[in-house]
Amino acid sequence: MSKLSILYGLDSELAIFRTLKYFWIRDEEARPLLAILCTTVRDRILRLSIPFILQMQEGELFQKEKLDQHIEGFKENSFTKSTLESTVRNLSSSWTLSGHLKGRLKKFCSKVIATPRAVSYALFLGYLTGLRGKALKMAGSWLQDMHP
């Protein structure tokens with residue numbers, strides 16, 4: 001098993017990956033969202049960038065400097081300047097692959113449409129993290145109107 005497979009839990013023994021594979025083969029359109037959802041489970045820095053990305057408005061210019069500040073705002077992160085730049089570059093790439101950002105040199109916030117299977121996977125992940133009842137229902141409602 002490769003280092004990335006271990007790092008991201010790409011193992012059919014794990015419910016998170018097994019469920020990802022189930023939806024992956026059934027919904028090609030959902031794949032970008034399925035991938036980012038699965039990745040956020042295992043990647044703390046990517047998870048920390050979620051509020052930054054979701055607060056952006058559709059069409060808004062993505063500014064690396066603002067994401068730098070957002071990530072630096074978490075006290076447990078003590079990145080060197082070069083590590084922070086690399087991290088932000090990788091984050092912007094991940095959010096571009098998921099469809100939340102569009103563009104090559106200049107990136108803009110893009111509206112993402114969640115398919116029913118992507119919403120189901122997100123709810124499954126929420127359930128695994130302990131969301132129940134109203135909290136899970138609210139997450140589902142929010143996901144159906146996926147923004148940005």
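No hydrogens, no waters, no symmetry mates; every other heavy atom, side chains included, goes into these values.
Taking hydrophobic clusters as Ile, Leu, Val, Met, Phe, Trp and Tyr residues chained together by side-chain heavy-atom distances below 4.5 Å, Met56 shares a cluster with Ile71. One hydrophobic cluster, built from ILVMFWY side chains closer than 4.5 Å, cannot hold both Leu101 and Leu61; they sit in different ones. Residues Phe52 and Ile36 share a hydrophobic cluster, clusters being chains of Ile/Leu/Val/Met/Phe/Trp/Tyr side chains in contact below 4.5 Å. Leu46 and Leu97 are assigned to two separate hydrophobic clusters, defined by single-linkage of ILVMFWY side chains at heavy-atom distances under 4.5 Å.
Between Leu20 and Leu37 there is no side-chain heavy-atom pair separated by less than 4.5 Å. The closest side-chain heavy-atom distance from Thr115 to Leu33 is not below 4.5 Å. Annotation: side chain of Ser94 is not in contact with side chain of Thr39 (no heavy-atom distance under 4.5 Å). Contact check for Cys109 versus Phe62: no side-chain heavy atoms found under the 4.5 Å cut-off. No side-chain heavy atom of Lys64 sits under 4.5 Å from any side-chain heavy atom of Glu85.
Taken to the nearest 0.5 Å, the CD atom of Glu58 stands 6.0 Å off from the OG atom of Ser110. Considering CG of Leu91 and OG1 of Thr96, their distance stands at 10.5 Å, rounded to 0.5 Å. Note: Glu65 CD to Glu72 CD = 11.5 Å, rounded to the nearest 0.5 Å.
Taking both residues in full, the closest heavy atoms of Arg42 and Leu14 are given as NH1-CD1, 4.2 Å, listed atom of the first, atom of the second, then distance. Taking both residues in full, the closest heavy atoms of Ile25 and Arg31 are given as CA-NH2, 4.2 Å, listed atom of the first, atom of the second, then distance. The minimum heavy-atom distance linking Leu48 with His70 is given by the pair O-NE2, 2.8 Å. When all heavy atoms of Leu34 and Arg117 are compared, the closest pair comes out as CD2-O, 4.2 Å. The shortest heavy-atom contact between Trp95 and Ser49 is NE1-OG, 2.8 Å. In terms of heavy atoms, Thr19 sits closest to Ala15 at OG1-O, 2.8 Å.
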Residues 118-128 side chain polar contacts: donor-acceptor under 3.5 Å, at least two apart:
{"from": "Ser120", "atom 1": "OG", "to": "Pro116", "atom 2": "O", "distance (Å)": "2.9"}
{"from": "Tyr121", "atom 1": "OH", "to": "Ile16", "atom 2": "O", "distance (Å)": "2.9"}

**Report entry** Lys107 vs Ser92, side-chain hydrogen bond (donor to acceptor under 3.5 Å, both in side chains): CA-CA, chis, key distance, verdict
**Finding:** CA-CA 9 Å; Lys107 296 185 183 297; Ser92 69; 5.2 Å; no
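More than 12 heavy-atom neighbours from other residues, nucleotides or ligands sit within 6.0 angstrom of CD on Glu60. By the neighbour-count criterion of 12 heavy atoms within 6.0 Å, atom OH of Tyr22 is sparsely surrounded, having that number or fewer from other residues, nucleotides or ligands.
One N or O on the side chain of Thr87 and one on the backbone of Thr83 form a donor-acceptor pair closer than 3.5 Å.
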